Protein chains: 2
Amino acid sequence: MKDEPITAPTSGRSRPVTLATVARHAQVHVSTASRALSDDPAGVGADTVRRVRELAAVLGYRRDVGAAGLRTGSSRLIGVLVPRLTDLVLASIYESIDAAASAAGYGTVVANTLDDPDHRRTRLDAMLSRRIDGVIIGDSHIGDTAAHELRRRGVPYVLVMRKLEGHLSVTTDDHRGGHLAAEHLLALGHRRVGVIAGDQLASTGRERTLGFRRAFESAGYPLPDAYVVESAFSTPSGLEAGRQLMQLPEPPTAIFAVHDLLALGAMGAIRDAGKRVGDDVALVGYNDLDLAATLPVPLTSIRSDLQRMGTLSVDALLRGFKGETASSVLLQPELIVRATTPPLRS
Amino acid sequence: MKDEPITAPTSGRSRPVTLATVARHAQVHVSTASRALSDDPAGVGADTVRRVRELAAVLGYRRDVGAAGLRTGSSRLIGVLVPRLTDLVLASIYESIDAAASAAGYGTVVANTLDDPDHRRTRLDAMLSRRIDGVIIGDSHIGDTAAHELRRRGVPYVLVMRKLEGHLSVTTDDHRGGHLAAEHLLALGHRRVGVIAGDQLASTGRERTLGFRRAFESAGYPLPDAYVVESAFSTPSGLEAGRQLMQLPEPPTAIFAVHDLLALGAMGAIRDAGKRVGDDVALVGYNDLDLAATLPVPLTSIRSDLQRMGTLSVDALLRGFKGETASSVLLQPELIVRATTPPLRS
DNA sequence: ATGCGGAACGCAATCGTTTGCGCGAATGAC
DNA sequence: GTCATTCGCGCAAACGATTGCGTTCCGCAT
């Protein structure tokens, strides 16, 4: 019986404390140590379990999930595709995804695809090389092949935020959200309105715009195409689009921006046009980010529960891992009225 | 010579196309295939290399970086610790970190630590379990042990954004940034000013505040402690702090917020107090986020080059991997004057 | 003819875990 | 006292890649 000294990991050099190290100290076979350390230590004596665990703790042992994954086939890693993390909306969703995944014992890797097909391919490839267990797609786009490819390869995936026909998704009812915004503006008496529509290849931009236009149409005030301008989903892009709207011969009396950051940009455009946000030009945003409430002129917005979407998408994916089949979730948005949509002065 | 049919990966089930598969098709030993596929295919015939690579492409082979890492000891993964990704500043930095790492063939895993020691420990542990090659710490905090622990374990790391005495870091000169803000306000004639100081345990909050106070002190107008209020780094927190300042018997004529999002919150507070941002109460933010320029009242801010910080931190880390020693970097901030700091009406 | 050197490639160990299987001992039933 | 279980544990084969070392074969000089 050779007795090895227990050197605290404090000692110094890298990390040669492997399962074998623990096993040796505990005087058991490495397989026994493995079992003792597993969640369900069946077939191992109670005292052995205790001893092994204790030793593992003292030695500072940490299971190498990579090596374990090699054996088990599961990397316990889920990949997340987003357009950009500097989009606060996606950052929020990702935060809750990461929290939920982490709680379930999974790690996450996220990639900015910049809504660009090449980036998407490259980054997805990198993920697959890491033997990702599943993917949450937050940047789906009409004509995008990522989801199809994953299906073909048999890799579980869920769409979040943006939906795509025929794929499992967790989203908010964007059509209805647009409708809510329209109803609100109609009720206030607005008739000539503009839309900053976002990316029309993303279901969010498309559906919110569509719902909005439909409502105005039904009310008898269809929007001319010039009053609907496409954009990216960033503040500068909102500024640009807002300018276009304000430069129309007859500028709108109200603007619906399909994203709060776009609304923020629109505020700048309205100011530049010499008008006041709210009193002169009403404004409705979307997503109700934290900052919407605290702006100099608090922003009316359509709230969607980002945290919830994140959590639910992880749930769905986890269910997918277990072979259960989940079905798409559609959350309901809510109108939050603030100062940017005051009653019309007559 | 047994001839196996080349089945396109399109076929269906999971992914059993391993290095061995490729080798078999190419009629070579797996070791030869490995070499042929490596960056520097030394000791392998030119035609063999071509054949193997071609076959690998056709079969849709993808090297399992996890398995490779097991053998080589490097996971080609770098971990990033941030307080939260919904903090736009950190999101920007992380974006550039991810881009730079990705370009260098590394993947990244990011973790929100919420500036909470427990979270930090847990998440760092998870990272170490993945045999991270190195860590970029974006949430360092006085009294935080993460950096020390990494040093002890011999894991390469770099601090970014926030510095800590005795550790390699890539930061902006926050003291000078605070100084710039102060000089600007002094020049405009402000004498009674307030500071929304952020977290004083983070070097950013501390140094920016310090630089600012020092400048006012030297000018002969030291700030009473009541005019300096601590906070988190979020918009709601800025609102709260701003309210405190505006409720002082003699509210300040100008506010320096050490983070643009705090400034955003402060705008809300100023409005709530019935005053106008800029004309009644001047405001200076920090970091010059995209949205600063497009706010209804464009925000004067201190710009720090976030992308650059991200890229440089990756550079430093990669240098660390190669054993080279890098030294800390201190970038220079810049004052960007906008509408929230107009000349004082006399 | 012999020897030498190098190119091209195969062999097998290795990284750290997990897990099906088998074996000995202890336990219980009769 | 015998036999069948059960329990606790060890053995060894995976997982997918990398790499030091050995082997074979060829060309060329001596």
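So you know, we letter chains A, B, ... as the sequences are listed, proteins then strands, and number each from 1. Since we're looking at a predicted model, the values are computed, not measured.
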*Asks:* Rounded to the nearest angstrom, tell me the gap between atom CG in A:L19 and atom P in D:dC11.
*Replies:*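 Value for this atom pair: 14 Å.
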*Asks:* Specify the residue among B:L70 and B:G45 whose closest nucleotide of DNA chain C lies further upstream toward the 5′ end.
*Replies:* B:G45
*Asks:* Identify whether any heavy atom of B:T48 sits under 4.0 Å from a base atom; if not, whether one sits that close to sugar-phosphate; answer base, sugar-phosphate or nothing.
*Replies:*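 Counting heavy atoms under 4.0 Å across all strands, the contact made by B:T48 is with sugar-phosphate only.
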*Asks:* Please work out if A:G43 contacts a base, only the sugar-phosphate, or nothing of the nucleic acid, heavy-atom cut-off 4.0 Å.
*Replies:*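 Base: the residue A:G43, judged by heavy atoms under 4.0 Å, touches a nucleobase.
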*Asks:* Hey, which sits more toward the 5' end of DNA chain C by its nearest nucleotide, B:V28 or B:T72?
*Replies:*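 By nearest-heavy-atom nucleotide position, the 5'-most residue is B:V28.
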*Asks:* To the nearest angstrom, how far is A:H29 atom NE2 from C:dG20 atom P?
*Replies:* 16 Å
*Asks:* Would you call A:D115 and A:R162 a salt bridge, taking side-chain N to carboxylate O under 4.0 Å as the test?
*Replies:*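 Here A:D115 pairs with A:R162 in a salt bridge, since their nearest N and O are under 4.0 Å apart.
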*Asks:* On the 0 to 90° scale, with breaks at 30° and 60°, tag the B:F321-B:Y106 ring pair as parallel, tilted or perpendicular.
*Replies:* tilted
*Asks:* Any carboxylate oxygen within less than 4.0 angstrom of a Lys/Arg side-chain nitrogen, looking at B:D315 and B:R319?
*Replies:*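 Salt bridge: no.
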*Asks:* Round to the nearest Å and state the distance from A:R24 atom CZ to D:dC9 atom C1'.
*Replies:* 19 Å
*Asks:* Can you measure B:R51 atom CZ to C:dA8 atom C1' for me and round it to whole angstrom units?
*Replies:*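 These atoms are roughly 12 Å apart.
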*Asks:* When the side chains of residues 305-313 of chain A are checked against the rest of the protein, which donor-acceptor pairs come out under 3.5 Å, sequence neighbours left out?
*Replies:*
unit_1	atom_1	unit_2	atom_2	d
A:D305	OD1	A:R308	N	3.1
A:T311	OG1	A:Q307	O	2.9
A:S313	OG	A:M309	O	3.3
A:S313	OG	A:G310	O	2.6

*Asks:* Do A:R123 and B:D98 meet the salt-bridge criterion of a basic N to acidic O distance under 4.0 Å?
*Replies:* yes
*Asks:* Provide, to the nearest angstrom, the distance between the CG atom belonging to B:D64 and the P atom belonging to C:dG16.
*Replies:* 16 Å
*Asks:* Assess whether a salt bridge exists between A:R50 and A:E54, defined as any Lys/Arg side-chain N lying under 4.0 Å from an Asp/Glu carboxylate O.
*Replies:* no
*Asks:* To the nearest Å, how far apart are A:Q27 CD and D:dG10 P?
*Replies:*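 Result: 10 Å.
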*Asks:* Would you tabulate the nitrogen or oxygen pairs shorter than 3.5 Å linking the protein to nucleotides 20-22 of chain D?
*Replies:*
unit_1	atom_1	unit_2	atom_2	d
D:dG20	O6	B:R35	NH2	3.1

*Asks:* Is there a side-chain polar atom (N or O) of B:S34 under 4.0 Å from OP1 or OP2 of D:dA17?
*Replies:* no
*Asks:* Can you tell which of C:dT17, D:dC9, D:dT19 lies closest to the side chain of A:T18?
*Replies:* C:dT17
*Asks:* Within this structure, what is the CG-to-C1' distance between A:L37 and C:dT19, rounded to whole angstrom?
*Replies:* 15 Å
*Asks:* Rounded to whole Å, how long is the line connecting atom CG of B:D40 with atom P of D:dT18?
*Replies:* 13 Å
*Asks:* Evaluate the ring planes of B:H148 and B:H167, with Trp represented by its six-membered ring, and classify them as parallel (under 30°), tilted (30 to 60°) or perpendicular (over 60°).
*Replies:*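 Correct class here is perpendicular.
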